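Owing to the predicted nature of the structure, the values given are computational and were not obtained by experimental measurement. Quick note on labels: first sequence line is chain A, next is B, and so on, each numbered from 1.
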Amino acid sequence: MAANKPSIPKGTRDFLPSEMIRRDFIFDTIRKHFKRFAFMPIETPSMEKLSTLTGKYGEEGDRLIFKILNSGDYLRKANKDALAEGNSTKLTSSISEKALRYDLTVPFARFVVQHQNEIQFPFKRYQIQPVWRADRPQHGRYREFYQCDADVVGSDSLRYDVELLSLIDEVMSDLSLVDYTIKINNRKILAGLAEVMGIADQLTDYTVAIDKLDKVGEDGVIKELEGRNMPSSVISKTKKLFQLGDEEQTLALLDDWFSDSSIGKKGLEEIRYLLNGAKNADLRTAKIKFDITLARGLNYYTGSIYEVISNEVEIGSICGGGRYDDLTEVFGLKGISGIGISFGAERIYDVLMKLDRFPESAKEGIQLLFINFGNEEAKHCESLLREVRRAGINAELYPESSKMQKQMKFANANTVSWVAMVGENEMKNKTIRLKNMISGEQEDVSIETLIIKVKG
RNA sequence: GUGGAUGUAGCUCAGUUGGUUAGAGCACCGGAUUGUGGUUCCGGGGGUCGUGGGUUCAAAUCCCAUCUUCCACCCCA
């Protein structure tokens, strides 16, 4: 009986220990800073009610939600008309009422409304869990991936808008991702722009078009705007906007344009606060750039928006977020403003991998391996093993007294940092021959010295 | 979802116009080396050529379908 080659679904991955150690390093670093910024942990289920998710991510987003088939004889209850018509959209609601979460923000909004009497506002939460998207996989783009989110809800203070810049700065610096840019913009500015251009109803179309500036260039954007039948005044104003490279000039131009747009003025006020706040935040590595073309697809953002890109590796954004004023409203709770960011741990992994910038500690598997020389020696090592483990060292004793070469190979394969050899002589002298597997140096030491050395 | 590539051993890839038993390097296992790994030498295991059909005397090679991975669009972490 020939067994089928086992495999996993498209866009999903297995992770080997060597990969998991590095992934955990990233998650641990992000989690550490989330905690330092006083965010509290929560978790939500992998699946949500389909109705919770649909309509929150725009038409495109809805298509990418993984739906879960109802249990039991689901076809009996299916919408027969829709089935006969071959209308999947209509059929879906009758055969699926659950779906895998698409991101962590919308489930969080649901969570806030549901537990509003159990939490204290302003509520800062962090959440590190996988999400699923029925997207077509590509490099750096998976159907199952982790998001690391931090959000504050219940406060519209712009201090938090600034604080998130600091958080990004701390995390990126700590991950030694030193060359990156935080692009910032404000949806109110984009709304003001659409207003003064007289295309308020085509705001999304307009922002999607100018968002492509980096990719298709000015001519490409103009072509796209023309393709969407934008009036010529819009085209000329957009050209004018693009000609200004300087941040100050852009802001001054917008001041002029927004003289009659209250939303535009508000946006400018906010972005100035943010830029000024960033200057005073003593950022370690972050380069902040006001980018009028930054739009971000998710349509629940209403204020500040962020996107972080690496300047060293081309991989798309590695972190993104923004402020949203109405997200809890659809679940029945008004007046709760929120702001959050999401770190793309998977992409950060790819970037660190490409730059070979994981620290040695994130490559280490087992810290200490005891070589097995035989029954007597092994028995002696077992008590030493207990001792070093209690001292907080990740340690192992090789199970059999195999040939030294084999045991050393095992050590290499598991990226063991230190090897301890205790044979007849060492037992007699109550010492341990400790070998550093990177330098190759070795010396006879006491158990106390060993613990100090291995713990570094 | 639209368009385009790809798939041979665990990994990276050879494989001539269809023609015997499909190869290499690395990795793995064993030995040289009974207390010292990442070097060297010798030997060994491992592939129904992504999967399923079809054309042919004959298919890794040609055709179709399907899956995977990748690229562009869309969208995004």
Side-chain angles (χ1 to χ4, degrees), chain A residues 2-14 16 26 30 57-65 88-89 102-105 128-149 204 207-209 211-212 215-216 220 224 294-299 306-310 315-321 340-351 369-374 377 398 401-427 432-442 444:
Chain A
N4 285 335
K5 260 189 190 164
S7 62
I8 54 175
K10 184 200 288 203
T12 63
R13 294 154 297 160
D14 284 327
L16 290 163
I26 295 173
I30 293 172
Y57 308 105
E59 219 174 293
E60 273 299 318
D62 280 359
R63 212 195 65 219
L64 299 179
I65 295 171
S88 314
T89 323
Y102 176 88
D103 71 357
L104 300 178
T105 308
I128 299 176
Q129 287 191 277
V131 302
W132 294 268
R133 294 185 187 178
D135 208 349
R136 186 172 287 202
Q138 267 177 43
H139 177 66
R141 213 170 162 174
Y142 306 98
R143 288 187 152 185
E144 178 184 61
F145 62 95
Y146 272 78
Q147 285 194 334
C148 309
D149 277 32
T204 307
T207 54
V208 164
D211 191 36
K212 290 179 184 162
K215 210 167 199 174
V216 298
E224 171 133 6
L294 176 64
R296 292 191 61 74
L298 295 169
N299 57 12
Y306 312 97
E307 197 159 281
V308 181
I309 52 156
S310 163
I315 192 158
S317 62
I318 50 178
C319 178
I341 47 164
S342 178
F343 287 88
E346 323 267 352
R347 285 189 178 172
I348 290 173
Y349 177 95
D350 287 347
V351 172
L369 175 75
F370 284 92
I371 297 293
N372 188 326
F373 287 109
E377 291 88 339
Y398 198 83
S401 58
S402 310
K403 281 204 305 194
M404 176 76 73
Q405 184 176 232
K406 193 169 178 179
Q407 301 195 39
M408 294 303 272
K409 271 195 172 177
F410 174 85
N412 279 331
N414 288 284
T415 53
V416 169
S417 319
W418 300 86
V419 163
M421 283 165 276
V422 183
E424 236 178 286
N425 291 337
E426 287 83 2
M427 279 173 72
I432 301 160
R433 178 149 295 185
L434 180 65
K435 175 168 180 142
N436 182 314
M437 290 299 278
I438 294 157
S439 68
E441 286 162 16
Q442 55 186 357
D444 290 332

(request) Give K435(A) one of three labels, base, sugar-phosphate or nothing, depending on what nucleic acid heavy atoms sit under 4.0 Å from its own. (result) base
(request) Provide the distance between the two C1' atoms, one in U61(B) and one in U16(B), to the nearest whole Å. (result) 11 Å
(request) Just call it for E307(A): base, sugar-phosphate, or nothing, with non-hydrogen atoms closer than 4.0 Å on any strand. (result) nothing
(request) Nearest whole angstrom, please: distance from the C1' of G35(B) to the CG of L434(A). (result) 15 Å
(message) Applying a 4.0 Å non-hydrogen cut-off, can you work out what C148(A) is touching in the nucleic acid: base, sugar-phosphate, or nothing?
(response) nothing
(message) Measuring from the side chain of K10(A) (C-beta onward, heavy atoms only), which nucleotide among U68(B), C75(B), U36(B) has the closest atom?
(response) U68(B)
(message) Please pick, from U69(B), A72(B), U36(B), the nucleotide with the shortest atom-to-atom distance to any side-chain atom of R136(A).
(response) A72(B)
(request) Take R13(A) and Y142(A) through the side-chain contact (heavy atoms from CB on, under 4.5 Å) test and state the conclusion after the steps. (result) CA-CA 9 Å; R13(A) 294 154 297 160; Y142(A) 306 98; 3.4 Å; yes
(request) Please determine, for the side chain of Q405(A), which listed nucleotide (C70(B), C75(B), A32(B)) has the closest atom? (result) A32(B)
(message) Applying the 5.5 Å / 30° rule, does F343(A) stack onto the base of A77(B)?
(response) no
(message) Taking the C1' atom in each of U66(B) and G44(B), what is the distance between them to the nearest angstrom?
(response) 38 Å
(request) Check the distance between C28(B)'s P and N412(A)'s CG and give it to me in whole angstrom. (result) 10 Å
(request) Please work out if Q442(A) contacts a base, only the sugar-phosphate, or nothing of the nucleic acid, heavy-atom cut-off 4.0 Å. (result) base
(request) Could you work out which one of C29(B), C75(B), G1(B) sits closest to the side chain of V208(A)? (result) C75(B)
(message) Rounding to an integer number of Å, can you tell me how far R433(A) CZ sits from G35(B) P?
(response) 13 Å
(request) Please tell me which of the listed nucleotides, A77(B), G35(B), G1(B), lies nearest to the side chain of S317(A)? (result) A77(B)
(request) Give one of base, sugar-phosphate or nothing for G61(A), where a contact means two heavy atoms less than 4.0 Å apart. (result) nothing
(request) For G321(A), report the nucleic acid contact type (base, sugar-phosphate, nothing); a contact means any heavy atom under 4.0 Å. (result) nothing
(message) Once hydrogens and angles are ignored, does a donor-acceptor distance under 3.5 Å link the base of G35(B) to the side chain of Q407(A)?
(response) no
(message) Side chain of Y102(A), heavy atoms from C-beta onward: which of A32(B), C75(B), G35(B) has the nearest atom to it?
(response) C75(B)
(request) Remember a base hit wins even if backbone is also touched, and classify E346(A) as base, sugar-phosphate or nothing at under 4.0 Å, heavy atoms. (result) nothing
(request) Could you tell me the separation between the CE atom of M408(A) and the P atom of U39(B), rounded to a whole number of Å? (result) 13 Å
(message) Between A9(B) and A27(B), how many Å separate the two C1' atoms, rounded to a whole number?
(response) 11 Å
(request) Write down the distance separating the C1' atoms in C73(B) and A14(B), rounded off to the nearest Å. (result) 35 Å
(message) Can you check the distance between U48(B) and G1(B), where both ends of the measurement are the P atom (answer in whole Å)?
(response) 32 Å
(message) Using atom P in both nucleotides, what's the gap between A60(B) and C70(B) to the nearest angstrom?
(response) 28 Å
(request) Output the single nucleotide from G35(B), C75(B), G30(B) whose closest atom is nearest the side chain of K406(A). (result) G30(B)
(message) Can you tell me which nucleotide in U69(B), C75(B), G35(B) comes closest to the side chain of K212(A)?
(response) C75(B)
(message) In whole Å, measure the gap between the P atoms of U68(B) and A22(B) for me.
(response) 30 Å
(request) Mind checking Y142(A) for me? I need base, sugar-phosphate or nothing, with any heavy atom below 4.0 Å counting as a touch. (result) base
(request) In whole angstrom, give me the gap between the C1' atoms of C29(B) and G19(B). (result) 35 Å
(request) Please state whether the base of C76(B) and the side chain of R347(A) form at least one donor-acceptor pair under 3.5 Å? (result) yes
